[in-house]
Amino acid sequence: MSTLSQTLTELVQVAAAAAGHADAPVALEPCVPTTDPAHGDYQSNHAFRLGKALRTNPRQVAEAVRAALPAHPLVASVEVAGPGFLNFRLDDAALADALATAAADPRFGAPLPGAGRTLVIDYSSPNIAKRMHVGHMRSTLIGQALDRMFRFLGYAVVSDNHLGDWGTPFGMLIVAWDRWRDEEAFGDDPVAELLRLYQRFRAEAADDPALMEQARAETANLQAGEPRARSLWERFVAVSMAEFDQVYRRLGVRFDETLGESAYDAMLPGVVDDLLARGIAVEDEGAVIVRFDEADGKGLKDAVAVVRKRDGAATYTTTDVATIRYRMDRWTPDVIVYVTDVRQKQHFQQLFAIAARLGVQADLRHVAFGMLKLADGQVAASRSGGGLVSLVEVLDEAVRRARAVVDQRADEIPDEAERAAIAEAVGLGAVRYADLSQNPQSDVTFDWDKMLALTGNTAVYLLYAHARCWSMLRTAGVDPGTPRPLALIDPTERTLALSLLRLPEIVATAAEAARPNLLADHLFGLAQDFSAFYLACPVLKDDVEPAVREARLGLVAATARGMALGLELLGLTPLQRM
RNA sequence: GCGCGGUUAGCUCAGCUGGAUAGAGCGUUGGCCUCCGGAGCCAAAGGUCACAGGUUCGAAUCCUGUACCGCGCGCCA
């Protein structure tokens, strides 16, 4: 199946060729929805590019293309407007059929542009022995949404949680454990105890250099596989993972792989040797470094990455090179996506430049999202920033606020367990949508009220529209999965149908651009279109003719399906009642 | 110092990678429950898209410069 935009774009391509412009050196410009319904439904701006390339009046080119357009059932009329816009008006009956077909399809009529391609996506990646706080939220939520969208597009996706589970912090923890551990506290809240030990180590080591020496020795023991260090490390990892898993379960996040930095330790010496042997890295002041220049990218002028420190230890750059190698060997992915905050941008530029020199063929993408800031301007994810709100605390508060609203409807939803489930979906949805409805690259300021808002452009609005669809379907006794004919008469019905039919192309654009907010925006518009339809078009009222009622129920069912699809791709739980 | 990013309504942010009259939410003001769900709907007010040039049929979007703000910059990840 193809999208409306694809269908029209192909028509323009055929027409341009027929009009004698097949050789014009321009990329085909995809058809896009018009901004104003007065201009039709979709427009092509291709004539402007053609006109420029051919040095002719774009209006004339547009006329020629229009004259050469093959007939198509979807197209009701085509007009040339303004300086050379080609405006399409789509046929009502054909649109209705297209939507009916999409609504009956489990994939909502979406093509599979990712079919046959493998994509590794690396996100969340928290540090062992630390607590997930609000600063960790973005990678997890954005990554999860992209993960789901890429799967929907047909990619064979491998999601990988690249844990920070290796290195000197564990040497420090082992030393601190031996000296200051409180077994009882560890039993009650192991991660809190590990945090306490880590912080105490940092404080004491500031005055006692010998402690750092011990930590280095324990780190070396760990890396050498010394049993005691190893078993402590395993214990630390286990208790941390147990806590992370609770959060992941709650958020519906599921990884195919959880290969932390420790998984690559054995590969590191080989990586450094190889980089040296190939002349990619050189020795410098006792360390091994890679130098970059402007040929690697503007931002890498005079940049240097250390791949082996003077003390012989590898760095995270080395680990990341090893990780790319491993992924290429194991999955031969076409694409590898990293979801981290923007501060790591240069690191990834360097990493990708090294990969290019190694001949790695995959398309490496860094989704660099903006930082989460606190109200006072402090960066929430900074290592120095203590006293941060824990992620679980945010989620709990969100659910609590949602629960207060849901309980007001206790007469309609008497079942306590159902209200709890609704509050969970609404509360977590609010947090998720607050983040995903923003362009990832923007910084976000942590604001309880904004993040947990339940009115306006929020998850609630979308969930509510979906629940209202279901309410109508329940009343009418209609199963949205059953195919039914549609008819589009009222302008609000047409607008809603067009919005629904655009969903597949929006998902594709949002995933490739790594911007879940494009999908969030579209769903918000979809919910607004549904509201306009709901206001203008009675469905279940007594004076509605049976045929009209049936057709409108079909539209409602299609809306429910489209909304549910979009919500799930963003990680939200669509509710049939709330 | 060098590099990267940002600056759009009172506030928080979108703006489909150059298209037609710049949009939401919150807040403000004024209307909608004899109901197919008011967690909603309708309407109003609110803009020199930081500033100055440039590119072209056309710029919030691309280029150059300036001013602020943020982030990063070889042995942390």
Side-chain angles (χ1 to χ4, degrees), chain A residues 30 32-36 38-39 43 45 48-49 51-52 57-59 81-85 87 125 127 164 167-169 261 284-291 298-311 313 315-317 319-320 340-347 349 368 370-371 373 377 379 383 402 405-406 408-409 412 426 437-439 441-445 447 449-450 453-458 460-461 463-465 467-468 470-472 475-476 502 505-506 509-510 513 515 517-518 520-522 524-525 528 531-532 534-535 537-542 544 552 556 577-578:
Chain A
V32 295
T34 57
T35 45
D36 184 343
H39 298 133
Q43 67 184 54
N45 304 323
F48 294 111
R49 291 205 182 175
K52 185 166 289 186
N57 182 342
R59 171 118 198 161
F85 297 107
N87 291 338
S125 309
N127 290 327
T168 37
E261 293 164 357
D284 184 87
E285 298 175 22
V288 177
I289 63 168
V290 179
R291 290 186 198 284
K298 253 191 221 163
L300 292 187
K301 185 183 172 188
D302 300 330
V304 170
V306 174
V307 292
R308 188 167 71 204
K309 298 188 280 188
R310 210 173 299 158
D311 67 5
T315 69
Y316 71 123
T317 302
T319 305
D320 280 354
T340 81
D341 80 60
V342 68
R343 287 176 302 181
Q344 297 197 37
K345 193 166 180 175
Q346 271 131 311
H347 163 66
Q349 284 177 340
M371 287 158 305
K373 295 177 172 178
V379 175
R383 277 177 296 280
V405 179
V406 178
Q408 290 169 10
R409 305 183 85 98
E412 292 169 57
V426 168
S437 59
Q438 249 179 72
N439 189 327
Q441 78 169 35
S442 306
D443 289 346
V444 293
T445 300
D447 177 339
D449 290 333
K450 194 187 171 200
L454 300 176
T455 57
N457 183 356
T458 62
V460 171
Y461 184 80
L463 295 171
Y464 183 66
R468 269 181 9 182
W470 266 94
S471 174
M472 296 166 82
T475 305
R502 282 197 69 201
E505 67 194 57
I506 296 288
T509 304
R515 274 158 50 184
N517 69 301
L518 296 179
D521 281 353
H522 187 73
F524 181 66
Q528 286 184 315
S531 279
Y534 183 83
L535 186 72
C537 300
V539 180
L540 301 177
K541 289 182 179 168
D542 293 340
V544 181
R552 286 184 177 162
V556 173
R577 203 152 70 128
M578 62 187 281

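Lettering follows sequence order; numbering is per chain, from 1.
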(message) Checking A:Tyr464 now: which residues fulfil ring-ring contact (aromatic ring centres under 6.0 Å, His included) with it, not counting sequence neighbours?
(response) none
(message) Determine whether a donor-acceptor pair (N or O, by modelled atom type, separation under 3.5 Å) exists between the side chain of A:Thr315 and the backbone of A:Val306.
(response) yes
(request) Dump the intermediate steps for side chain to side chain contact (heavy atoms under 4.5 Å, CB included) on A:His39 and A:Phe85, then the final yes or no. (result) CA-CA 9 Å; A:His39 298 133; A:Phe85 297 107; over 6 Å; no
(request) Kindly indicate whether the side chain of A:Asn87 and the base of B:A20 share any N or O donor-acceptor pair separated by less than 3.5 Å? (result) yes
(request) Scan nucleotides 30-47 of chain B nucleotide by nucleotide, 5' to 3', and note B when protein non-hydrogen atoms come under 4.0 Å of the base, S if they reach only the sugar-phosphate, - if neither. (result) ------BBSBSS------
(request) In whole angstrom, give me the gap between the P atoms of B:G65 and B:G1. (result) 15 Å
(message) Taking side-chain hydrogen bond (donor to acceptor under 3.5 Å, both in side chains) as the definition, give me every residue that meets it alongside A:Gln441, ordered by chain and number, with sequence neighbours left out.
(response) none
(message) Using the six-membered base ring of B:A77, report whether A:His347 stacks on it, requiring centroids under 5.5 Å and planes under 30° apart.
(response) no
(message) My understanding is that only residues two or more places apart in sequence, or in another chain, count here; which of them pass side-chain hydrogen bond (donor to acceptor under 3.5 Å, both in side chains) with A:Asn439?
(response) none
(request) Pick the C1' atom in B:U61 and in B:C42, then give their distance to the nearest Å. (result) 33 Å
(request) Using a 4.0 Å heavy-atom cut-off across all strands, classify A:Gln43 as base, sugar-phosphate, or nothing. (result) base
(request) Give the rounded distance in Å between these two atoms: NE2 of A:His522 and C1' of B:G23. (result) 16 Å
(message) Under 4.0 Å, heavy atoms only, any strand: does A:Asp542 hit a base, just the sugar-phosphate, or nothing?
(response) nothing
(request) Rounded to whole angstrom, note down the P distance from B:A24 over to B:A44. (result) 11 Å
(message) I need the CE-P distance between A:Met371 and B:C69, as an integer number of Å.
(response) 15 Å
(request) Under the side-chain hydrogen bond (donor to acceptor under 3.5 Å, both in side chains) rule, collect the residues that match up with A:Arg291, sequence neighbours excluded. (result) A:Asp284
(message) Can you check the distance between B:G74 and B:C11, where both ends of the measurement are the P atom (answer in whole Å)?
(response) 37 Å
(request) Using the P atoms only, state how far B:G30 lies from B:C13, rounded to an integer number of Å. (result) 29 Å
(request) Indicate yes or no: at least one non-hydrogen side-chain atom of A:Lys345 is less than 4.5 angstrom from one of A:Gln349. (result) yes
(request) Between B:A22 and B:A60, how far apart are the P atoms? Round to whole Å, please. (result) 9 Å
(request) Please report, rounded to the nearest Å, how far the C1' atom of B:C57 is from the CG atom of A:Asn45. (result) 12 Å
Under 3.5 Å, which protein N or O atoms sit close to an N or O of nucleotides 72-75 of chain B? Give each pair with its distance.
residue	atom	partner	partner atom	Å
B:G72	O2'	A:Gln346	OE1	2.8
B:C75	O2	A:Arg310	N	2.6
B:C75	N3	A:Arg310	NH2	3.4
B:C75	N4	A:Arg310	NE	3.4
B:C75	N4	A:Arg310	NH2	2.3

(request) Could you tell me whether the side chain of A:Ser471 and the main chain of A:Ala467 form a donor-acceptor pair under 3.5 Å? (result) no
(message) I'd like to check the salt bridge (Lys or Arg N to Asp or Glu O under 4.0 Å) partners of A:Arg502; sequence neighbours left out, ordered by chain and number.
(response) A:Glu505
(message) Heavy atoms only, 4.0 Å cut-off, all strands: where does A:Gly299 land among base, sugar-phosphate and nothing?
(response) sugar-phosphate
(request) For B:U8, measure the glycosidic angle (O4'-C1'-N9-C4 for a purine, O4'-C1'-N1-C2 for a pyrimidine) and name it syn if it falls within 90° of 0, otherwise anti. (result) anti
(message) Could you tell me how far B:G31 sits from B:G6 if I compare only their C1' atoms? Round to whole Å.
(response) 40 Å
(request) Could you give the distance separating B:C2 and B:U64 at their P atoms, to the nearest angstrom? (result) 16 Å
(request) State, with a plain yes or no, whether a side-chain heavy atom of A:Thr445 is found less than 4.5 Å away from one of A:Lys450. (result) no
(message) Quick check on B:C33: syn or anti? Syn means the glycosidic torsion is within 90 degrees of zero.
(response) syn
(request) Applying salt bridge (Lys or Arg N to Asp or Glu O under 4.0 Å), name anything that partners A:Asp443, two or more places apart in sequence or on another chain. (result) A:Lys373
(request) Return the set of residues passing side-chain hydrogen bond (donor to acceptor under 3.5 Å, both in side chains) with A:Thr509 (not counting sequence neighbours), or none when no residue passes. (result) none
(message) To the closest 0.5 Å, what do you measure between CG (A:Leu463) and OG1 (A:Thr458)?
(response) 8.0 Å
(message) Identify the stems formed by RNA chain B, where each pair is Watson-Crick or G-U wobble with both distances under 3.5 angstrom and a stem is at least 3 consecutive pairs.
(response) B:1-7 with B:67-73, B:10-13 with B:23-26, B:28-32 with B:40-44, B:50-54 with B:62-66
(request) Please examine the side chains of A:Val32 and A:Gln43, heavy atoms only from C-beta on, and report whether any two atoms are closer than 4.5 Å. (result) yes
(message) So, using ring-ring contact (aromatic ring centres under 6.0 Å, His included) as the criterion, who are the partners of A:His347 when residues are at least two apart?
(response) A:Tyr316
(request) Check the chi torsion on B:G5 and let me know: syn if it falls within 90° of 0, anti if not. (result) anti
(message) Using a 4.0 Å heavy-atom cut-off to protein, can you give one letter per nucleotide of nucleotides 7-18 of chain B, 5' to 3': B if the base is in contact, S if only the sugar-phosphate is, - if neither?
(response) -----SSSSBB-
(message) Rounded to whole Å, how long is the line connecting atom CG of A:Asp302 with atom C1' of B:G1?
(response) 12 Å
